Amino acid sequence: MKAAVIHGPGSIKYDTVDDPILKAKDDIILTVTSTAICGSDLHIYSGGFPQPRPMVLGHEFMGIVEEVGSEVTHLKRGDRVVVPFTIACGNCFFCNHDVPGNCEHSNPDNYGPEGGIATEKGGALFGYTDLYGGYDGGQSQYVRVPYANYGPRIVPEDLSDEEVLFLTDIFPTGYTGVDWGEVKGGETVAIFGSGPVGLMAAKSAWLRGAAQVIVVDTLQYRLDKAKTTTGCTTILWEDGPKDVVEHIRSLTEGRGADVCIDAVGFEPDRNLGDRIKATVNFEKGSIKVLEACMSAVRRSGIVSVLGVYPANYDNFPLGQFFDKGIILKGGQAPAHKHIDKLLEYVVQGKVKLDDIITHRLPLSEISHAYDIFKKREDGCVKVVLDPWK
């Protein structure tokens, strides 16, 4: 089959690789009909998450069931499904407590309670390095899906791929940020980052009854997309966090937002000073967006961290965290917990997901697709790929 294979930082190629095979009785093989590039894929592409051997990337995909293991109970060949990005067994302690990203069984070689930088990680993810299970991803023509009795969801035939594809990751992830924020109605939600996850968080905030949704970004074209697709208030981050934080406070009677969502992570736009600071501190990337969230949130407010942070940071603002009484939540989104409810929102027409797509490209142009997505060229916000072109 043809697939997008990472060969090292900055090198992803359209390769021919072996077709996947069933390895367990509850596996399925999926013919992938649509897949997408996620912002977290860029962390592997940039080298932020090292992957020493070639690997098929991609954790946002859907398709048609091609083969079914003997113990798969609710799927058959020909079913059209969407697949959550986390790989989870559905039976362990953490799966039973609706946190499948911590599944005890899906990542046997590198799982553990510590959550270290390179050891004792969480549950497995599709196409997300050997540290997270070593499973090939879905930027390919076929993919093996383990634990198929727990993950894949059948989708209505009257909905197009693009209408439901983002149920795999970015919609459940954006929704999780708002859910962790305990939004019940009437709150101000400030979202840092207007990439795909940030846009889905904005859509989710409105679904949960937010009174005001603010989106912050360093690029005007992304803010324009945010305003068009979500109807939010936008703030351009130009010089530094101080002006942004003051702007948010001016919109909230001086208090700050009830909820701040970090939808950026450890690889934000950085100037030379930021890079020197990281080098001196022996740190990977920066927590500047998280720091801005903790300043912009009101006292006793909630900060949800959806952006990825793969390392430790000595300059974490612990004093501010304590003095303001901030509630801080983060981690892999429990996509399995929310996917059925979110699919129903799509079916009922309460939310539109495909309006964030800016580029539709064949999988054969994978190198170009990653390049424009990483560099944010040509107005790129979200890329959807056709595996069969």
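Predicted model, so just to flag it, every value in this text is computed and none were measured.
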J.: Do we see a donor-acceptor contact under 3.5 Å between the side chains of R376 and Y221?
T.: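 There is no such pair between these side chains.
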J.: Would K352 and D354 pass as an ion pair if we require N to O under 4.0 Å?
T.: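 The answer is yes: the pair qualifies as a salt bridge.
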J.: Quick one: do D136 and R144 make a salt bridge, cutoff under 4.0 Å?
T.: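 Salt bridge between D136 and R144, a charged N being under 4.0 Å from a carboxylate O: no.
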J.: Distance-only, no hydrogens or angles: does the K121 side chain make a donor-acceptor pair with backbone N or O of G116 under 3.5 Å?
T.: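 Checked: pair present.
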J.: Does one side chain, of S140 or K2, offer a donor that lies under 3.5 Å from an acceptor on the other?
T.: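 Per modelled atom types, S140 and K2 side chains form no pair under 3.5 Å.
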J.: Please check if any side-chain donor atom of T73 sits under 3.5 Å from a side-chain acceptor atom of N149, or the reverse.
T.: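 Yes, because at least one side-chain N or O of T73 sits under 3.5 Å from a partner of the opposite role on N149.
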J.: For the backbone of T129 and the side chain of Y135, can you confirm whether one donor and one acceptor N or O come within less than 3.5 Å of each other?
T.: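 Absent.
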J.: Just grab all the ring pair (Phe, Tyr, Trp, His ring centres under 6.0 Å) pairs involving residues 149-173, residues at least two apart or on different chains.
T.: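 Matches after skipping sequence neighbours: Y150-H336.
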J.: Among T31, V17, V32, which residue meets the side chain to side chain contact (heavy atoms under 4.5 Å, CB included) test with M1?
T.: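 Result: among T31, V17, V32, V17 is the only option passing the side chain to side chain contact (heavy atoms under 4.5 Å, CB included) with M1.
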J.: Please determine whether residues V5 and I12 belong to a single hydrophobic cluster, defined as Ile, Leu, Val, Met, Phe, Trp and Tyr linked transitively by side-chain heavy-atom distances below 4.5 Å.
T.: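 Looking at the clustering, I12 is in a separate group from V5.
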J.: Go through it in stages, so that I can follow the logic: the residues are I356 and I170, the test is side-chain contact (heavy atoms from CB on, under 4.5 Å), and I'd like the CA-CA distance, side-chain angles, deciding distance and then a yes or no.
T.: CA-CA 11 Å; I356 73 165; I170 59 171; 3.7 Å; yes
J.: Would you kindly say whether N91 and H105 are connected by a side-chain donor-acceptor distance under 3.5 Å?
T.: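 No.
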